[in-house]
Amino acid sequence: MNAPAVTFSDDQASAYDSLAEMLRGAGVDVENGLLTPPRDSGSGVAAVIGKAGSGKTLLLAELYRALEAAGVEIVSGDYEGRRRRDRRTLAILAPTNKAASVLRLRGVPATTIHRILYTPVYDPEYERIAEWLAGNGARPEIEGLSEQALDRAAAFYAGNRSIPGALAAAGLRGSDFITGWKRREEPLDIGFVDEASMLDDRQFGDLKEIFPNLVLFGDPAQLAPVNQSGAMVFDSLPAARKLELHRVHRQQADNPILDLAHALGDPALDFEAFERMIADLARRDDRVVIGQRVEVDLMARSPVLVWRNVTRVRLISAFRKVHGAPEDRLLEGEPLICDGIELPLKHRKKRLDLEARGLIKGAQVIYLGPGRRRGFARLHVIGAEDPQVSAASIIRIEKPDEEEPFIPEAATMGATFLHGAAVTIHKAQGSQWNSVQVFAPDIWAAARAGRVEAGQPLWKRLAYVAITRAQERLIWVVRNRLSRPSHPLRVDDLRAAPRAALKLQAEEET
């Protein structure tokens, strides 16, 4: 096999070869760039598992590049042209927008699982533009759309491979060319799923129905979904289908955060020894910090990670208090977490629309202000390809020692939100931030409780997930105190419309 452009460790090279052989059996020869038409049955499911820093993302990225070079088409779910029997495709998926955006920042065109499960239905007139952009049709003539507008669409698509973005660049609104959303019925071909430790059995079942060739990339040391009893979907795969990466990749070896993460694998390590290790690293490396208080300025964009809900609620209440937030409304710039969508069955189309545009359970958003109609909110969905959304919203603010949450914004139905200045470590899986604050008193409480999950002390799993959310700096907060803000909450950096923004607000609120 021709060696990839990067230098793999032995276990990465072995996993790459195993997956290449699996794909060859499915008719995709990445070594020789040969493709055969897809078969009724594929090669099934395989998993690449390894702890943080073992090179799972590097392996995924190199496999993607090899498949694309071999002629496999990358599909994102935003538009699919006319099917061809000989067409081979790859979809790269993540459970959340934030996790997908982490891959996109590394040059990997990822989308969310929801975005693949539910696809848009295009107006036939504008579908001609989509077919042309995708290379499957002649340049169309569309009444009311100039040649210059089509040129803008083509230029955008050449650099971004997004049909909705290209049509928006031509001056069209989403409501002009998307008439609805549908649940996928026909299968796709090859699927890569990052952050597979977050998948539950239902999602895994859906993915196996859609992808006859499915590769999961996951971390067995993370926390399993809350309804999975500590098990992850790849645990049940045969040993030959689980490719494990053991070595920390050399480019990340000099990383004190990863050192801490891997130290948690020592069965003899207790909580007190782990905190001494953090303190020692903090004296030698400014990427690890012992925090004597929670830094409130970070909470607006990077939530404090906690174990207990009671801690989360108290930190959120303190965050709002130091910012002078009134009880009857939200301040622009307050962070929120989507907790689901409350819509009856007859509004299924609207639910699919909101989910496809990023408002799925666990999505992180920033409140930009009220919408034009009562109960609507303008939101920035962090990590979404088109982040500006206006949606009917039910926003719940929980308060310490009160059973019922306060609701400053409420439509009759729509997307529901909790405050996002602090989140549980479970909800933080799949996300990363440059700087992460971990509330150590909660990890200590988990250690004192003595709970075990899948054979490992729960506090170690919590600490592992929490500290590996940090890309550049870990702040281990040891005291239950909060700083004062150095500046008001801001949204000016989010107000600029992205290049691919679909101007749907007016249509949504009518």
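Computed from a predicted structure; not experimentally measured.
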Enquirer: Within 45° of the six-membered ring axis of Phe204 and under 6.0 Å from that ring's centre, is NZ or CZ of Lys208 located there?
Expert: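 Pair Lys208/Phe204 counts as cation-pi.
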
Enquirer: Can you find a heavy atom in the side chain of Ile443 that is under 4.5 Å from one in the side chain of Val438?
Expert: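 The answer is yes, as the side chains (C-beta and beyond) meet within the 4.5 Å cut-off.
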
Enquirer: For a salt bridge (Lys or Arg N to Asp or Glu O under 4.0 Å) check, start with the C-alpha distance between Asp280 and Arg284, then their side-chain angles and the critical distance, and finish with the verdict.
Expert: CA-CA 7 Å; Asp280 180 57; Arg284 296 184 281 110; 2.9 Å; yes

Enquirer: Regarding Ser197 and Asp219, is there a side-chain donor-to-acceptor distance under 3.5 Å anywhere?
Expert: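 No, because no side-chain N or O of Ser197 sits under 3.5 Å from a partner of the opposite role on Asp219.
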
Enquirer: Report yes if the distance between the aromatic ring centroids of Phe192 and Phe217 is under 6.0 Å, otherwise no.
Expert: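 Ring centroids of Phe192 and Phe217 are less than 6.0 Å from each other.
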
Enquirer: Does the side chain to side chain contact (heavy atoms under 4.5 Å, CB included) test come out yes or no for Leu199 and Phe234, once each step is laid out?
Expert: CA-CA 9 Å; Leu199 295 178; Phe234 46 72; over 6 Å; no

Enquirer: Please report the shortest heavy-atom distance between His487 and His323, naming the atom on each side.
Expert: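 Closest pair (atom of His487, atom of His323, distance): O-CE1, 3.8 Å.
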
Enquirer: Applying side chain to side chain contact (heavy atoms under 4.5 Å, CB included) to Leu60 and Asp194, what does each step give before you reach the verdict?
Expert: CA-CA 8 Å; Leu60 186 157; Asp194 198 26; 4.2 Å; yes

Enquirer: With the side chain counted from C-beta on, respond yes when Leu223 and Tyr464 share a heavy-atom pair under 4.5 Å apart, and no when they do not.
Expert: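 The answer is no; the side chains never approach within 4.5 Å.
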
Enquirer: Crowded around Arg451 CZ? As in, over 12 foreign heavy atoms under 6.0 Å?
Expert: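 No, the 6.0 Å shell around CZ holds no more than 12 heavy atoms from other groups.
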
Enquirer: Less than 4.5 Å apart, side chain to side chain, heavy atoms only: is that true for Phe417 and Ile337?
Expert: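 No - every pair of side-chain heavy atoms lies 4.5 Å or more apart.
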
Enquirer: Report yes or no: does Lys51 contribute a side-chain atom to a donor-acceptor pair with the main-chain N or O of His246 at less than 3.5 Å?
Expert: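 No; zero donor-acceptor contacts below 3.5 Å.
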
Enquirer: Taking the side chain as every heavy atom from C-beta outward, state whether Asp189 and Leu90 have any atom pair closer than 4.5 Å.
Expert: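 No - every pair of side-chain heavy atoms lies 4.5 Å or more apart.
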
Enquirer: Is it the case that the side chain of Gln388 and the backbone of Leu494 share a donor-acceptor pair, with hydrogens and angles ignored and the cut-off at 3.5 Å?
Expert: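 Yes.
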
Enquirer: Which heavy-atom pair separates Met299 from Pro335 by the least distance, and what is that distance?
Expert: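 Nearest pair, atom of Met299 first, then Pro335: O-CG, 3.8 Å.
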
Enquirer: Which class fits the ring pair Trp476 and Phe271: parallel under 30°, tilted 30 to 60°, perpendicular over 60°?
Expert: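 Tilted, since the angle between the ring planes falls between 30° and 60°.
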
Enquirer: Regarding Thr416 and Asp339, do their side chains bring together a donor and an acceptor under 3.5 Å, going by distance alone?
Expert: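 Asp339 and Thr416 do not have a side-chain donor-acceptor pair below 3.5 Å.
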
Enquirer: Would you mind reporting whether Lys56 and Leu59 have side-chain heavy atoms less than 4.5 Å apart?
Expert: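 They are not in contact (no side-chain heavy atoms under 4.5 Å apart), so the answer is no.
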
Enquirer: Distance-only, no hydrogens or angles: does the Arg184 side chain make a donor-acceptor pair with backbone N or O of Ile116 under 3.5 Å?
Expert: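 Between the backbone of Ile116 and the side chain of Arg184 there is a qualifying donor-acceptor contact (under 3.5 Å).
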
Enquirer: Would you call Arg312 and Glu398 a salt bridge, using N to O less than 4.0 angstrom?
Expert: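 Judged by the 4.0 Å cut-off on N to carboxylate O distance, Arg312 and Glu398 do form a salt bridge.
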
Enquirer: For the aromatic rings, using the six-membered ring if either is Trp, is the centroid distance between His419 and Phe319 under 6.0 Å?
Expert: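 Aromatic pair counts; centres sit under 6.0 Å.
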
Enquirer: Hey, are the side chains of Ile366 and Glu332 touching, using non-hydrogen atoms and a 4.5 Å cut-off?
Expert: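 A side-chain contact under 4.5 Å is absent here.
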
Enquirer: Any side-chain donor-acceptor pair under 3.5 Å between Gln437 and Ser302?
Expert: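 No, Ser302 and Gln437 have no side-chain donor paired with an acceptor closer than 3.5 Å.
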
Enquirer: Measuring only between side-chain heavy atoms, which start at C-beta, is Leu103 closer than 4.5 Å to Ile92?
Expert: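 They are in contact (side-chain heavy atoms under 4.5 Å apart), so the answer is yes.
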
Enquirer: When you measure from the side chain of Arg461 to the backbone N and O of Glu453, does any donor-acceptor pair fall under 3.5 Å?
Expert: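 Side chain of Arg461 to backbone of Glu453, a donor-acceptor pair under 3.5 Å: yes, one is there.
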
Enquirer: State whether Asp493 and Arg301 are salt-bridged, where the test is any N-O pair (Lys NZ or Arg NE/NH1/NH2 against Asp/Glu carboxylate O) under 4.0 Å.
Expert: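 So Asp493 pairs with Arg301 through a salt bridge.
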
Enquirer: Is there a donor-acceptor contact under 3.5 Å from the side chain of Asp442 to the main chain of Phe439?
Expert: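 No: the side chain of Asp442 does not pair with the backbone of Phe439.
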
Enquirer: Is the closest side-chain heavy-atom distance between Leu281 and Leu260 below 4.5 Å?
Expert: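 Result yes, sub-4.5 Å side-chain heavy-atom pair found.
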
Enquirer: Hey, could you give me the CG/CD1 distance between Leu418 and Ile316, rounded to the nearest 0.5 Å?
Expert: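 Those atoms lie 7.5 Å apart.
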
Enquirer: For Asp206, is there an ion pair with Arg202 - N to carboxylate O distance below 4.0 angstrom?
Expert: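 A salt bridge links Arg202 with Asp206.
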
Enquirer: Between His262 (side chain only) and Ala52 (backbone N and O only), is there a donor and an acceptor less than 3.5 Å apart?
Expert: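 Side chain of His262 to backbone of Ala52, a donor-acceptor pair under 3.5 Å: yes, one is there.
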
Enquirer: Measure across Trp307 and Thr424 and return the closest heavy-atom pair with its distance rounded to 0.1 Å.
Expert: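 Heavy-atom minimum between the residues: O-CG2, 4.1 Å.
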
Enquirer: Just by modelled atom types, is the Val45 backbone N or O under 3.5 Å from a matching donor or acceptor in the Arg241 side chain?
Expert: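 Checked: pair present.
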
Enquirer: Looking at Thr311 and Asn309, would you say the former's side chain and the latter's main chain have a donor-acceptor pair under 3.5 Å?
Expert: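 Checking the backbone N and O of Asn309 against the side chain of Thr311, no donor-acceptor pair under 3.5 Å is found.
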
Enquirer: Which heavy atom of Gly55 sits nearest a heavy atom of Gln12, and at what distance?
Expert: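 Smallest heavy-atom distance, with atoms named: CA-NE2, 3.2 Å.
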
Enquirer: Between Gln429 and Met198, is there a donor-acceptor pair closer than 3.5 Å when you use the side chain of the first and the backbone of the second?
Expert: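 The answer is no, because no donor-acceptor pair under 3.5 Å joins these two groups.
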
Enquirer: Between the main-chain N or O of Val48 and the side-chain N or O of Lys242, is there a donor-acceptor pair closer than 3.5 Å?
Expert: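 Checking the backbone N and O of Val48 against the side chain of Lys242, no donor-acceptor pair under 3.5 Å is found.
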
Enquirer: Leu264 vs Ile467, test: side chain to side chain contact (heavy atoms under 4.5 Å, CB included). Steps then yes/no.
Expert: CA-CA 11 Å; Leu264 289 162; Ile467 65 180; 4.2 Å; yes

